[in-house]
Peer 1: 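I'd like to ask some things about the structure below.
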There are 2 protein chains.
Amino acid sequence: MLGKKRISESTIHRLSLYYRALSVLEKDNYDTVSSKELARREKLTPAQVRKDLSFFGSFGTRGLGYPVKELKTQIAGILGIDRTWRVALVGIGNIGSALVSYKEFSRQGFQIVKLFDNDQRKIGSNHKGIVVSDIRNLQQELSDAKIEVVIVAVPATVAQYIVDDIVNAGIKAILNFAPVNLKVPDDVYIRHENMSMELEYLSFAMVNNHAQKRVRA
Amino acid sequence: MLGKKRISESTIHRLSLYYRALSVLEKDNYDTVSSKELARREKLTPAQVRKDLSFFGSFGTRGLGYPVKELKTQIAGILGIDRTWRVALVGIGNIGSALVSYKEFSRQGFQIVKLFDNDQRKIGSNHKGIVVSDIRNLQQELSDAKIEVVIVAVPATVAQYIVDDIVNAGIKAILNFAPVNLKVPDDVYIRHENMSMELEYLSFAMVNNHAQKRVRA
DNA sequence: ACGGCTATGTGAAAAGCTTCACAAAAGAAG
DNA sequence: CTTCTTTTGTGAAGCTTTTCACATAGCCGT
Ligand SMILES: NC(=O)c1ccc[n+]([C@@H]2O[C@H](COP(=O)([O-])OP(=O)(O)OC[C@H]3O[C@@H](n4cnc5c(N)ncnc54)[C@H](O)[C@@H]3O)[C@@H](O)[C@H]2O)c1
Ligand SMILES: NC(=O)c1ccc[n+]([C@@H]2O[C@H](COP(=O)([O-])OP(=O)(O)OC[C@H]3O[C@@H](n4cnc5c(N)ncnc54)[C@H](O)[C@@H]3O)[C@@H](O)[C@H]2O)c1
């Protein structure tokens, strides 16, 4: 354990699943949970669960399982969600508006505190208590509001320009909803949310009458 | 080539990326494209592009590259998006409303033709020309409308019940937005869209000051 | 017609990830 | 205190995916 090995993307994604399952177990007043039960709840294997956790330490008790509350806290620490992150959202259209209202984000520590758009009819309007700012003040306001993460929900055609500005403002983490690959420097983390991709996977599975199935997303 | 090997999930996801890049290349009037250029546009390696495509056939010309229009058509065939799929959407709330308005879906052949909710204020209302149906008529109307894919955008607490009904109606493909693992029979394909997961990945990368970076989504 | 050049297609090697299987730890029971 | 049962933690094996590297195919210019 605790060697400085590189942790795979899949392992991190599964930690999110464990965290989610542990939240449910905690609410249902479970004290401990076995790797077997955790695996069952997220459709994984017990060995996978144990191996993933073992990269970060020994959290369980042999013969008993993992302490629910404590493991949840540990995973929160590993994922960096044992704190709040200040988030801004650019593009208050269909998907942007939905995201502002999404309570799960703030529950996980991602607090949307700034909104930006370039549409005069939207600038100045109020969404969930946040007034939409003019995109022209992006850099200044990102900096003033100490934003650490920016969610991009603008049309694909302008996404690269917006991202360039975000990068110039010193932001190091971006979640992009536009269906386009975006260039960012090596020290900036960018992730893409691509819903067509999942529908296309379903389509592929159907036309190929796949026998196997994989879950995730 | 063309052996009946199992194709990996990653390969299918990358086909979606190639398809997207080819759409841009086609619009910009490119006749051919090399694996190198295709790779550059989606931040992959040329070898990866060639290997992925080789699972399905030989589409390129040595010394020249791939014919843009033809490769796009081929990939559409492989993914099963050279046709239209009839899609229903359950849960016309924040995210559901955004999805109805998302033109990219129909452009890829996924036509949302039915909407369902259980809220009396929403039932009967019109979204982009589609009238919201009562969830109580789900099974009958899914069948009557010959729906093949259902998108689930209801609260996590009721998602399993909704999915059970969908499965009983004979649907074999589901795209789920609720942050919960859902049980379905082995012959039903289900994919999960989990936005918190991507934010948590960003958070992990930031607190662990990761040197590496991965893209996808 | 032919040589040069470029970029594919693909086995083989390397890297990465998952599963196996078991020793060891710890609580429970007597 | 000892034995029994349960379930962790983890090397090693097995499997999958990616990368390498090169023979080969086919355009293009002369
Ligand atoms: N609607 C969906 O369900 C959905 C799903 C997945 C991805 N997406 C992607 O998300 C993005 C937004 O989609 P949408 O449906 O919300 O579109 P939309 O047109 O409703 O919203 C886009 C918003 O961005 C704003 N905008 C445009 N140019 C801007 C600029 N230069 N600076 C600041 N703001 C600007 C617009 O004023 C608008 O409010 C698109 O890239 C789309 O492909 C949408
Ligand atoms: N809002 C977001 O940006 C976002 C992002 C990712 C995931 N999600 C997930 O998507 C789901 C919906 O989120 P939302 O923000 O749109 O919530 P919402 O409350 O705005 O919408 C939920 C809709 O489902 C309907 N509904 C409730 N019970 C139903 C039932 N039994 N049958 C039919 N319809 C029913 C409600 O009437 C409502 O219209 C949730 O699971 C949420 O976690 C939302």
Side-chain angles (χ1 to χ4, degrees), chain A residues 1-15 17-18 22 25 30-68 70-71 74-75 78 210-216, chain B residues 1-15 17-18 22 25 30-68 70-71 74-75 78 210-216:
Chain A
M1 65 150 215
L2 55 61
K4 222 174 218 152
K5 253 208 308 258
R6 191 165 142 338
I7 305 296
S8 78
E9 174 171 339
S10 312
T11 292
I12 302 309
H13 279 163
R14 284 191 298 267
L15 288 186
L17 300 181
Y18 304 150
L22 288 164
L25 286 161
Y30 284 78
D31 285 333
T32 58
V33 64
S34 65
S35 58
K36 192 173 162 196
E37 172 64 11
L38 213 39
R40 191 191 59 75
R41 291 186 175 232
E42 296 295 341
K43 210 155 203 282
L44 302 164
T45 65
Q48 182 86 83
V49 172
R50 295 200 299 276
K51 180 63 92 178
D52 283 339
L53 296 177
S54 79
F55 293 139
F56 303 98
S58 297
F59 307 114
T61 303
R62 290 171 192 224
L64 196 64
Y66 299 92
V68 170
E70 197 192 304
L71 183 57
Q74 291 284 349
I75 292 178
I78 294 164
H210 251 214
Q212 58 47 75
K213 304 190 8 199
R214 309 230 82 210
V215 181
R216 204 200 87 71
Chain B
M1 64 154 212
L2 57 63
K4 220 172 216 155
K5 252 207 313 254
R6 190 168 143 337
I7 304 296
S8 77
E9 173 172 339
S10 311
T11 291
I12 302 309
H13 279 163
R14 283 190 300 266
L15 288 186
L17 299 181
Y18 304 149
L22 289 163
L25 287 161
Y30 283 79
D31 284 333
T32 58
V33 63
S34 64
S35 58
K36 193 172 160 196
E37 173 63 11
L38 213 38
R40 190 190 60 75
R41 289 184 177 235
E42 295 296 341
K43 206 151 205 282
L44 302 164
T45 65
Q48 182 86 83
V49 172
R50 295 200 300 275
K51 181 62 95 178
D52 283 339
L53 296 176
S54 79
F55 293 138
F56 303 98
S58 296
F59 307 113
T61 304
R62 292 175 191 220
L64 197 65
Y66 299 92
V68 170
E70 197 192 304
L71 183 58
Q74 291 284 349
I75 292 178
I78 295 164
H210 251 213
Q212 58 48 71
K213 304 190 11 198
R214 309 230 84 207
V215 180
R216 206 203 83 74

Peer 1: Tell me every residue that passes side chain to side chain donor-acceptor pair (under 3.5 Å) with S8(A), counting only those two or more places apart in sequence or in another chain.
Peer 2: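 If we apply the side chain to side chain donor-acceptor pair (under 3.5 Å) test to S8(A), skipping adjacent residues, the hits are T11(A).
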Peer 1: Roughly how many Å is it from NZ in K51(B) to P in dA14(C), rounded to a whole number?
Peer 2: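 Between P of dA14(C) and NZ of K51(B): 15 Å.
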Peer 1: Measure CG/L44(B) against C1'/dT17(D) and give the value in whole Å, please.
Peer 2: 14 Å
Peer 1: Return the value, rounded to whole Å, for the distance between atom CG of L38(B) and atom P of dG9(C).
Peer 2: 12 Å
Peer 1: dT8(C) P sits how many Å from F55(B) CZ, rounded?
Peer 2: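 Computing the F55(B):CZ to dT8(C):P distance gives 16 Å.
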Peer 1: S35(B) side chain N/O closer than 4.0 Å to the phosphate oxygens (OP1, OP2) of dT8(C)?
Peer 2: yes
Peer 1: Would you indicate, yes or no, if dT19(D) has its OP1 or OP2 atom less than 4.0 angstrom from a side-chain nitrogen or oxygen of T45(B)?
Peer 2: yes
Peer 1: Strictly below 4.0 Å: does Q48(A) bring a side-chain N or O up to OP1 or OP2 of dC17(C)?
Peer 2: no
Peer 1: Which value, rounded to the nearest 0.5 Å, describes the distance between R50(B) atom CZ and L44(B) atom CG?
Peer 2: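 That separation rounds to 12.5 Å.
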Peer 1: To the nearest 0.5 Å, what is the distance between CG (L17(A)) and CD1 (I12(A))?
Peer 2: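 Answer for the CG-CD1 pair, L17(A) versus I12(A), is 11.5 Å.
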Peer 1: Dump every N/O contact between nucleotides 28-30 of chain C and the protein below 3.5 Å, one line per pair.
Peer 2:
none

Peer 1: Write out a two-atom table: protein N or O, nucleotide N or O from nucleotides 21-23 of chain C, distance below 3.5 Å.
Peer 2:
residue, atom, partner, partner atom, Å
dA21(C), N6, R50(A), NH2, 3.3

Peer 1: Looking at residues at least two apart in the chain, or sitting in another chain, which of them share a side chain to side chain donor-acceptor pair (under 3.5 Å) with R40(A)?
Peer 2: E37(A)
Peer 1: To the nearest angstrom, how far is L53(B) atom CG from dT8(C) atom C1'?
Peer 2: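 The answer, rounded to whole Å, is 10 Å.
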Peer 1: Which pair of heavy atoms, one from V33(A) and one from L38(A), lies closest together, and at what distance?
Peer 2: CG2-N, 4.0 Å
Peer 1: Return the value, rounded to whole Å, for the distance between atom CD of E9(A) and atom C1' of dT18(D).
Peer 2: 15 Å
Peer 1: Is the phosphate of dT18(C), meaning OP1 or OP2, less than 4.0 Å from a side-chain N or O of R14(A)?
Peer 2: yes
Peer 1: Could you state the atom-to-atom distance from NZ of K43(B) to C1' of dT18(D) in whole Å?
Peer 2: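 Rounded to the whole Å, the gap is 16 Å.
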Peer 1: Find the distance between CG (L25(A)) and OH (Y66(A)) and round it off to the nearest 0.5 Å.
Peer 2: 13.5 Å
Peer 1: Assuming nearest nucleotide by heavy-atom distance, tell me which of G63(A) and S10(A) is located more 5' along DNA chain C.
Peer 2: S10(A)
Peer 1: In the structure I gave you, are the side-chain heavy atoms of I75(B) and F56(B) within less than 4.5 Å of one another anywhere?
Peer 2: no
Peer 1: Any chance you could measure L53(A), atom CG, to I78(A), atom CD1, to the nearest 0.5 Å?
Peer 2: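 CD1 of I78(A) is found 7.5 Å from CG of L53(A).
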Peer 1: Side chain of S8(A) only, heavy atoms from C-beta on: which candidate in dC17(C), dT8(C), dT8(D) is closest?
Peer 2: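 Comparing dC17(C), dT8(C), dT8(D) against the side chain of S8(A), the answer is dC17(C).
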Peer 1: Can you tell me the distance, in whole Å, between the CD1 atom of I12(B) and the P atom of dT17(D)?
Peer 2: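 In whole Å, dT17(D) P lies 11 Å from I12(B) CD1.
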Peer 1: Can you sort out the partners of Q48(A) under side-chain contact (heavy atoms from CB on, under 4.5 Å), two or more places apart, ordered by chain and number?
Peer 2: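 For Q48(A) the side-chain contact (heavy atoms from CB on, under 4.5 Å) partners, ignoring immediate neighbours, are R14(A), Y18(A), T45(A), D52(A).
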Peer 1: Side chain of Y66(B) only, please: which of dA7(C), dT18(D), dG9(C) is the nearest?
Peer 2: dG9(C)
Peer 1: Only counting residues at least two apart or in another chain, list the ones meeting side-chain contact (heavy atoms from CB on, under 4.5 Å) with E70(B).
Peer 2: P67(B), Q74(B)
